[in-house]
Amino acid sequence: MDTDTGKSARGGVETFEAFYRRERSAVVALAYALCGNGAAAEELAQDAFIAAMNDWERVGVMEEPGAWIRRVVANRSISRFRRLAAEARALQRSGRRALAQPPVQSESVELWNEVRRLPRRQAQVIALHYLHDRSRREVAVILDCSEETVKTHLERARRALAKRMPEPDQESP
Amino acid sequence: MNLDERLRRAAKDVLDAYERSPVPPLAQRRRHLGAQLVALSVAAGLVAAVVIVVARLDSPDKTNVSSNARGGVTEQSGATPPTPGSDSSLFDRGPLTPRDGHSVIWTGEEAIVWGGWGSEHGRNRRADGAAYNPTTRRWRMIAPSPLSGRHNHAAAWTGTEMLIVGGDGTRDGAAYDPVSDTWRRLPDAPFPLGSIDDETALDPAVFIDNELWVWAVSTDQAARYDSREDRWIRAAAPPFDDPADGVLRVVDGHLIAVGSSRTSTALVVARADLTTGAWTRLPDGVLTADELVPSIDPAWTAAAGDRLIAWSISSPRAIVVLDPESGAWTALDPHPLPSCESASGPISLGTRFLASSCGTAALFDPGPRTWRAVDLGQLQPKEREAVWTGSEVLVWGNACCHGTGDTDFDPNLAWRYKLPEDRIVGKLADGRAFEIYGDAGGICLDVDKVRFDCDLGGTIDSVSPDSALPLYIANNRRPGGLILVVGGLPTRANGVTVRRVDGGEIVAKVSRIGTISFWAAALPESYLGTASSGPPDDLDVVYTFPDGSEKVAPRPT
């Protein structure tokens, strides 16, 4: 199986089930990194998989279904309205009880919080590049922009993050 | 550890957290996923299917008539016309197949539904449409469009044509002329609108001052289509820093952009100069945030009269009002609607707006700042599915799934409702029947079923049945010298007379008409040109009581 393209090794279209099992964790992680809420991330990822499942005849034959679903999740996760709607649904289902967050270390939570404060394209580029270890070219394909644009966003994001979150030994006077 | 290493470690941390959790069984997940699709659509205010709601009470044709799929007209029966005062009932079935993400526009005569995508697993994007005439209660299929099937396109009415542009990431567009039932191609927009990859992506578009303004929020680009010149002009996007969401609203002739910030609960607002296309940033609208769900979204805004209203579905149910002229925001008392995930964006009804949440709906009038409960049954009309004709609400949307989680669309369930106190009916002192109803431009008056005027002052909604103070609506523009006095009568009063202050000569007199607490009187032509918010200075309005006593009505202060 080609994990990047979502196609089977024989070149045929993989089943949605196989796609879902392979991609789910990574896609939820991407949603969490970009929206910062575990419950909303689950909802947003589910919504994207629903869209893929319902349109699998089209999505399944794409060159990179994995890129497609990452683009959908990356776009939806930074949409405030969709994020809020997902949070509200999760809250509704839980009876407005507090929802468990994924077991992520506090330093990581803090860093992702800063990433989310970046302009949305920069945040998306950082998440896709680091979380999914995607090259600039691959990120460009996912976000449907040029490699040069990805490079620019990546550099600006790093500069902004370095400024906001200096390395520990640089914080001391 | 440098930034690169810290980012990689933070990424691994998140990935590990999710890779450790088991993948839910797909068989169960599918059902769950299916239910959630509907929930998302409801929450996003974008669920739609196929319903048209018409609250036309005096339709002369009580037979349901609709077109078949081939465009022919077929007779239908069974739908019962609503009775005055009822809020909703089943209505005409339409000829279109069920769909989502379509558009509905109002031409002044017909509601035209176009495009969308089928509910059968999100496929089958539609390129067909149909028009509904609420007066004749007839459907007709409109001519096939030159566009490909699409959803979440921009749609607007220019006064003579329906414009359809973009949708699903396309740039092309076409204009439909309902008089000739023909289409013409438009030049391509400068950038795509909507997204093929995101079924909820809807880029805002409004038509104002002969131009269609579109704003692709995700790419932060804007453009104007000049309908007179048939050309596109690139425009500045609203001056918001990386908006997360946005809408365009027309408020009292102003074009207002409303966006939300990803980092605060404030609404960001700007006003466009319609000539130059330049934007002026207005003060942010700030609502109190709920501890769980931040409170406000641009979609929950609506024009009501000369104000922009923004409201929140979360505690404490805040509502604020923007004066687009001055940019001043005013906070009002909390609104009565419950917090709910399925709250939908309000629908502008001329001087008022209609909002719904969790099966509860209410009309808000920014004049007296009053809320009035409305029973909409299961229907939660959304902005894109609903049009306001000036006196009626027409909705074409899905009524099946709200709150049920059911994914099965019922395509042609139709609902209609009459908004409460939307019109006042009765008889003039001379026996002629009158009807007063709200219109987009003001208050309309029909006398003996003939339109007398639609430019009266005042608002019907500012009159409460419990009001002891009458509202006077004076018309001085038409021959006949008609002056209407409309308002609540004291409980025991059984009539009203209008008398000259000097001498007491009676110039008009009516008795209480049934249970209606409003009345109107025709006055002599000598009062032509005496429009006022109260009776002319030389006239008194006097209540009469069964015991023969009288009481002069207080004058509005």
Side-chain angles (χ1 to χ4, degrees), chain A residues 16-17 20-21 24-26 28-29 32-33 43 46-47 49-51 53-55 57-58 68 71-72 75-76 78-82 84-89 91-92 96 102-105 107-109 111-112 115-117 119-121 126-127 129-133 144 158 161-162 165 167-168, chain B residues 1-4 6-21 23-24 26 29-30 32-34 36-37 39-40 42-45 120-123 195 197-201 217-218 241-245 260-263 292-294 297-299 313-314 339-343:
Chain A
F16 172 77
E17 285 81 356
Y20 171 73
R21 287 190 175 281
R24 183 188 173 278
S25 297
V28 180
Y32 171 75
E43 295 285 336
Q46 282 184 41
D47 293 337
F49 279 111
I50 290 166
M53 180 179 71
N54 287 344
D55 212 3
E57 284 181 8
R58 182 176 69 89
W68 180 89
R71 183 190 310 162
V72 171
N75 285 333
R76 290 182 176 182
I78 53 91
S79 165
R80 185 167 169 277
F81 185 32
R82 285 162 203 148
L84 295 182
E87 286 180 26
R89 284 201 312 275
L91 286 167
Q92 183 96 344
R96 294 186 79 81
V104 179
Q105 294 177 23
E107 299 83 15
S108 300
V109 171
L111 189 52
W112 285 115
V115 169
R116 284 190 294 277
R117 289 184 57 208
R120 60 177 155 194
R121 269 299 194 222
I126 287 284
H129 181 69
Y130 286 96
L131 201 61
H132 292 174
D133 200 22
D144 197 20
R158 282 177 178 144
L161 288 173
M165 300 196 74
E167 292 171 29
Chain B
M1 192 185 299
N2 64 29
L3 178 67
D4 203 57
R6 292 165 69 193
L7 281 165
R8 289 189 189 285
R9 194 165 80 172
K12 185 174 185 308
D13 201 13
V14 171
L15 280 174
D16 285 350
Y18 281 105
E19 281 172 0
R20 281 196 298 270
S21 65
V23 176
L26 189 59
R29 203 67 176 170
R30 266 196 153 163
H32 183 53
L33 292 174
Q36 293 313 308
L37 175 61
L40 169 67
V42 170
E120 51 286 283
H121 307 299
R123 292 190 291 273
S195 168
D197 292 328
D198 184 351
E199 79 277 10
T200 64
V217 180
S218 61
D241 181 22
D242 193 32
D245 298 284
S260 68
S261 159
R262 289 190 297 127
T263 54
L292 291 173
V293 181
D297 186 275
I313 60 166
S314 56
S339 300
C340 182
E341 65 168 288
S342 62

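No experiment lies behind these values; they were computed from the predicted model shown. Chain A is the first sequence line, chain B the second, and so forth, proteins listed ahead of strands; every chain is numbered from 1.
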If you tally heavy-atom pairs under 4.5 Å between each of A:D133, A:V109, A:L131 and chain B, the highest tally belongs to A:L131
Shortest non-hydrogen separation from A:W112 to B:A10 and the atoms involved: NE1-O, 3.2 Å
For B:R9, side chain to side chain contact (heavy atoms under 4.5 Å, CB included) partners two or more places apart: B:M1
What's the spacing between A:L111 CG and B:L3 CG if we round to 0.5 Å? 7.0 Å
A:S108 backbone acceptor or donor facing B:D13 side chain under 3.5 Å: no
Considering non-hydrogen atoms only, spot the tightest contact between A:A26 and B:L15 and give its length. CA-CD2, 4.2 Å
Search all heavy atoms of A:A29 against all heavy atoms of B:Y18 and return the closest pair with its distance. CA-CD1, 3.6 Å
Set of residues satisfying salt bridge (Lys or Arg N to Asp or Glu O under 4.0 Å) with respect to B:D16, sequence neighbours excluded: B:K12
How far does NE2 of A:H129 sit from CG of B:L7, to the nearest 0.5 angstrom? 9.0 Å
